[in-house]
Student: 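Could you have a look at this structure, given as structure tokens, before my questions?
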Amino acid sequence: MNIILIGPPGVGKGTQAKNIIKRYQVPHISTGEILRENIKKQTKLGIHAKTFMDMGKLVPDYDVLGMVSRRLADDDCFHGFVFDGFPRTIPQADGLSKLLSNTDKRLDRVIVLKASDEIIIKRLSSRRSCNNCGRIYNLLFNSPKNDNKCDVCGEELTQREDDKPETIKKRLDIYRLQTEPLVNYYEKLDLTVFINGESGINSISEEIFQILDEID
Ligand code: AMP
């Protein structure tokens with residue numbers, strides 16, 4: 001099962017990807033998460049990517065495609081993947097298509113999650129994460145039990161640098177300009193399905209499962 005999740009930052013791609021992989025046992029490939037791990041480990045890629053990410057800009061296609069190509073070569077991707085946050089530009093989509101054709105794979109579905117800017121801004125500015133174990137919270141609908149402390153490891157929660165209000169607006173503009181054209185790109189290939197990302201987490205997952213259950 002080879003799936004792409006497309007949608008503005010904060011629409012719930014990560015949350016839905018986690019539910020999808022539990023049910024279908026394929027790896028979740030979040031380019032944002034891989035980049036953040038590289039930043040944490042202070043790799044050359046991480047140090048380079050951080051300058052773009054902190055400003056809410058996209059990391060160059062060349063770096064992202066190299067990273068994805070290495071990840072797709074891992075054994076766990078043999079039976080499929082769920083991409084979250086990739087591709088984000090037309091050159092990335094072209095690059096992915098080349099990578100897949102080299103390995104005789106094809107995309108099954110591109111799930112497009114939609115939500116208004118107002119909802120996105122509200123959700124992103126309420127997102128908090130634990131730098132220690134990676135657990136993600138939202139003060140609107142999934143807040144920690146103890147004030148600003150991780151339920152799992154007790155570490156202080158932080159707000160991602162790129163979830164600060166001035167950067168959110170920039171990320172949304174970039175999404176509309178550079179990533180949204182991918183919807184049309186994949187519509188032409190008859191791969192898109194549209195889901196209302198403003199509904200509840202579980203009802204969105206149910207809708208997605210109905211679509212994915214039909215893939216043979
Ligand atoms: P995300 O966790 O998907 O919201 O990504 C966080 C940040 O990582 C983005 O704002 C970009 O700076 C960078 N990033 C993640 N995925 C990509 C990608 N496919 N292309 C370029 N930059 C990316």
Side-chain angles (χ1 to χ4, degrees), residues 2-18 20-21 27-41 43-72 77 81-100 107 110-115 117 119-131 134-138 158-183 185-186 197:
N2 304 325
I3 304 296
I4 292 176
L5 290 173
I6 291 186
V11 75
K13 299 186 296 296
T15 306
Q16 292 305 326
K18 286 191 172 79
I20 294 171
I21 63 164
H28 170 198
I29 306 182
S30 156
T31 42
E33 264 175 34
I34 303 176
L35 288 166
R36 281 186 290 279
E37 271 167 32
N38 273 274
I39 293 176
K40 217 169 158 184
K41 291 183 190 150
T43 65
K44 210 169 148 194
L45 170 65
I47 293 164
H48 171 65
K50 190 175 187 312
T51 55
F52 297 92
M53 291 167 76
D54 281 352
M55 287 189 291
K57 289 186 179 171
L58 293 185
V59 174
D61 292 332
Y62 175 84
D63 299 301
V64 174
L65 278 167
M67 192 174 92
V68 167
S69 155
R70 290 188 291 278
R71 182 65 185 88
L72 277 179
C77 294
F81 50 76
V82 179
F83 273 122
D84 149 20
F86 173 87
R88 258 178 157 101
T89 63
I90 301 276
Q92 288 183 19
D94 286 339
L96 174 64
S97 145
K98 277 198 199 113
L99 284 174
L100 293 181
L107 289 172
V110 174
I111 297 170
V112 184
L113 291 164
K114 301 198 114 185
D117 285 5
I119 297 257
I120 295 297
I121 291 166
K122 231 181 182 171
R123 281 190 193 166
L124 284 181
S125 42
S126 311
R127 183 158 71 176
R128 298 290 181 276
S129 52
C130 173
N131 277 340
R135 171 111 186 236
I136 295 166
Y137 298 84
N138 196 296
T158 56
Q159 184 174 35
R160 270 169 52 174
E161 202 53 46
D162 59 353
D163 278 348
K164 305 220 160 126
E166 56 283 11
T167 320
I168 294 175
K169 173 83 180 58
K170 200 180 290 163
R171 289 168 68 203
L172 270 173
D173 288 346
I174 289 178
Y175 175 77
R176 304 281 177 223
L177 202 73
Q178 292 190 263
T179 307
E180 218 163 43
L182 289 179
V183 174
Y185 177 104
Y186 286 120

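Both counts, for ligands and for their atoms, begin at 1 and track the order of listing. In what follows, residues are counted from 1 in the order of the sequence shown. No hydrogens, no waters, no symmetry mates; every other heavy atom, side chains included, goes into these values.
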Student: May I ask you to identify the nearest protein heavy atom to atom 2 (O) of ligand 1, giving residue, atom name and distance to one decimal place in Å?
Tutor: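 Atom 2 (O) of ligand 1 sits closest to the protein heavy atom Arg36 NH1, 2.9 Å.
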Student: If we set the cut-off at 4.0 Å for heavy atoms, which region of Leu35 has an atom near ligand 1: side chain, backbone, both, or neither?
Tutor: side chain
Student: Starting from atom 11 (C) of ligand 1, locate the nearest protein heavy atom and write down its residue, its atom name and how far away it is, to 0.1 Å.
Tutor: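 Nearest neighbour among protein heavy atoms for atom 11 (C) of ligand 1, to 0.1 Å: Lys57 O, 3.6 Å.
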Student: Taking distance alone, with no angle check, do Pro87 and ligand 1 share an N/O pair under 3.5 Å?
Tutor: no
Student: How far is atom 22 (N) of ligand 1 from the closest protein heavy atom, and which atom is that?
Tutor: Val59 N, 3.0 Å
Student: Looking only at heavy atoms, what is the nearest atom pair of Ser126 and Asn138, with distance?
Tutor: CB-OD1, 3.3 Å
Student: Give a yes/no verdict on whether any heavy atom in Lys13 is under 4.0 Å from an atom of ligand 1.
Tutor: no
Student: If I apply the N/O under 3.5 Å rule, does Arg160 come out as touching ligand 1?
Tutor: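 For ligand 1, there is an N or O atom that lies under 3.5 Å from one belonging to Arg160.
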Student: On a heavy-atom basis, which atom in Leu35 and which in Met67 lie closest, and how many Å separate them?
Tutor: CD2-SD, 3.6 Å
Student: If the plane angle is over 60° it's perpendicular, under 30° parallel, otherwise tilted; pick one for Phe83 and Phe81.
Tutor: tilted
Student: Against heavy atoms of Met53, which atoms of ligand 1 measure under 4.0 Å?
Tutor: 7 (C), 8 (O), 12 (O), 13 (C)
Student: Does some side-chain heavy atom of Leu65 sit less than 4.5 Å from a side-chain heavy atom of Phe86?
Tutor: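 Heavy-atom side-chain distance check passes, below 4.5 Å.
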Student: Looking at Arg171, which atoms of ligand 1 are within less than 4.0 Å of one of its heavy atoms?
Tutor: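 Those atoms are 4 (O), 10 (O).
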Student: Do Lys18 and His28 make a side-chain contact, defined as non-hydrogen atoms from C-beta onward lying under 4.5 Å apart?
Tutor: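 A side-chain contact under 4.5 Å exists here.
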Student: Under a heavy-atom criterion of less than 4.0 Å, does Glu33 contact ligand 1?
Tutor: no
Student: Do Glu166 and Lys169 sit within salt-bridge range, that is, some charged N less than 4.0 Å from a carboxylate O?
Tutor: no
Student: Relative to ligand 1, is Asp61 under 4.0 angstrom through side chain, backbone, both or neither, heavy atoms considered?
Tutor: neither
Student: Determine, for Glu37 against Arg71, whether the closest basic-nitrogen to carboxylate-oxygen distance falls under 4.0 angstrom.
Tutor: no
Student: What is the nearest protein non-hydrogen atom to atom 5 (O) of ligand 1, stated with its residue, atom name and distance?
Tutor: Arg88 NH2, 3.5 Å
Student: Taking the basic N atoms (NZ, or NE/NH1/NH2) and the acidic carboxylate oxygens, is any pair closer than 4.0 Å for Lys98 and Asp94?
Tutor: no
Student: Within ligand 1, which atoms have a heavy atom of Gln92 less than 4.0 Å away?
Tutor: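 Result: 18 (C), 19 (N), 20 (N), 21 (C).
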Student: With Asp163 as reference, evaluate Arg128, Arg127, Arg123 under the side-chain hydrogen bond (donor to acceptor under 3.5 Å, both in side chains) test and give the passing residue.
Tutor: Arg127
